[in-house]
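Below is one structure; the comments refer to it alone.
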Amino acid sequence: MTLTEKLTTEFRQRCEGIATEKRSLLNIRAFEPLPADLLATQLGATILTPKQIPNLNPCVVAVLLDSDQWSAGIINQNPLWIVNNPRHTPARRESNLMHEFGHMLLKHKIVRFDPDTGFPLRRQSDEDEATYLGGCLQIPRRGLLWAVQCQMTQTEIAVHFNASQEMVQFRSNVTGVNI
Ligand SMILES: [Zn+2]
């Protein structure tokens, strides 16, 4: 099932509304890029690399720094601390962080770790919702429409919004805006 089939129209419209609201608080319009670090400041979030996590076992730090198998995660809610994989590209970093802001803005419960396996016990419905809102924050539907009206290519849209080509394609697919 695709994300648009799993999430209701109402939920998806709500996400576009949240993205609009966050941009207006920062005086950023739908067609302008919203840097994740700017939104982090507005949300009071601190972005950390594994090395910057206080009291984390050096062996765990080494494992995390050697792996591409994870992207980001909320490690503390108040104050809000988000750990991000520094191995990822700048475009991935943007979408990783927007996804985590999505969890936070939708008030999802923080993910616990399975004490037996060490893996995070993620809830797929929460992941789907955070991915959807993260995409709206990065490229709002109205921003994508603007880019199409400007006859921008997929690559130009990606560069403009600090996004990956995959994110632009994903937003086109879920919003029905043909690029
Ligand atoms: Zn997630």
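When a ligand or atom number is given, it counts from 1 through the structure's own listing order.
Under a hydrophobic clustering in which Ile, Leu, Val, Met, Phe, Trp and Tyr are joined whenever their side-chain heavy atoms come within less than 4.5 Å, directly or via other members, Val159 and Ile157 fall into different clusters. With hydrophobic clusters built from ILVMFWY side chains whose heavy atoms lie under 4.5 angstrom apart, Leu137 shares a cluster with Phe11.
Residues meeting the salt bridge (charged side-chain N to carboxylate O under 4.0 Å, His left out) test with Arg29, sequence neighbours left out: Glu32.
No more than 12 heavy atoms of other residues, nucleotides or ligands shown are found within 6.0 angstrom of CD on Gln69.
Annotation: cation-pi geometry not satisfied between Arg141 and Tyr132 (NZ/CZ under 6.0 angstrom from ring centroid, within 45° of ring axis).
Only protein N, O or S atoms were considered, and those under 2.8 Å from the Zn ion (ligand 1) are His99 NE2, His103 NE2, Glu127 OE1.
Aromatic ring centres of Trp146 and His160 lie closer together than 6.0 Å.
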